[in-house]
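Each remark here refers to the structure printed beneath this line.
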Amino acid sequence: MHTLTVNLGERSYPILIGDGLLRSRELLAAHLAGRDVVLISNTVVAGLYADALKQTLPQPPAAEVILPDGEQLQDTGYGEPRI
C-alpha cells in the first residue's frame, strides 16, 4: 500500500493506493472510527465499487449521493441548494 497526503493544513487527508483496500475492515475502521460516513460518488465509480465498500464499512452509510457522470458536474456547487 502507498499513501499520498494532500496537504491542506487542518484539512489535510491521506489517499491510500493499493490492492484490496476496499475489503480491509481494519484499515477503514482506523480512518472512520466514531464518524458517520456519507458515500459520495458518480454512477460509473459507484457501479464498480460502492457495493464492495458498503459491505466493508462497520455500519451502513448515513447517506448516499450518487451523481451523474460527467466533467460538467465536477464542481463543488453541484447539488447545493439554490436560494
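Note that the coordinates shown come from a computational prediction; the quantities given were computed from them, not determined experimentally.
Among all heavy-atom pairs drawn from Arg25 and Gln55, the shortest one is NH2-O, 2.7 Å. What you find for Asn42 and Val44 is that their closest heavy atoms are OD1-N, 3.0 Å. Of all heavy-atom pairs spanning Ala46 and Ser41, the tightest one is N-OG, 3.2 Å.
The closest side-chain heavy-atom distance from Ile15 to Val6 is below 4.5 Å. Side-chain contact check for Gln59 versus Asp36: some heavy-atom pair is nearer than 4.5 Å. Between Met1 and Leu27 there is a side-chain heavy-atom pair separated by less than 4.5 Å. Residues Lys54 and Pro60 fail the side-chain proximity criterion, which asks for heavy atoms closer than 4.5 Å.
Under the 3.5 Å distance criterion, the side-chain polar atoms of Arg23 are left unmatched by any main-chain donor or acceptor of Leu53. Using a distance-only test at 3.5 Å, with no hydrogens or angles considered, a donor-acceptor pair links the side chain of Thr56 to the main chain of Leu22. Distance alone, capped at 3.5 Å, places no donor-acceptor pair between the Ser24 side chain and the Leu21 backbone.
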Exercise. Would you sort out whether Ile17 and Thr3 count as a side chain to side chain contact (heavy atoms under 4.5 Å, CB included), showing the intermediate values?
Key: CA-CA 6 Å; Ile17 303 168; Thr3 302; over 6 Å; no
Practice problem: Go through the steps to decide whether His2 and Leu16 satisfy the test side chain to side chain contact (heavy atoms under 4.5 Å, CB included), and finish with yes or no. | Solution: CA-CA 6 Å; His2 300 284; Leu16 308 177; over 6 Å; no
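Criterion: ILVMFWY side-chain heavy atoms under 4.5 Å apart, direct or through other members. Under it, Tyr49 and Leu28 are part of a common hydrophobic cluster. Linking ILVMFWY residues whenever their side-chain heavy atoms come closer than 4.5 Å, directly or via other members, places Leu48 and Leu39 in the same cluster. Following chains of ILVMFWY side-chain contacts shorter than 4.5 Å, one can reach Leu8 starting from Leu4, so the two form part of one hydrophobic cluster.
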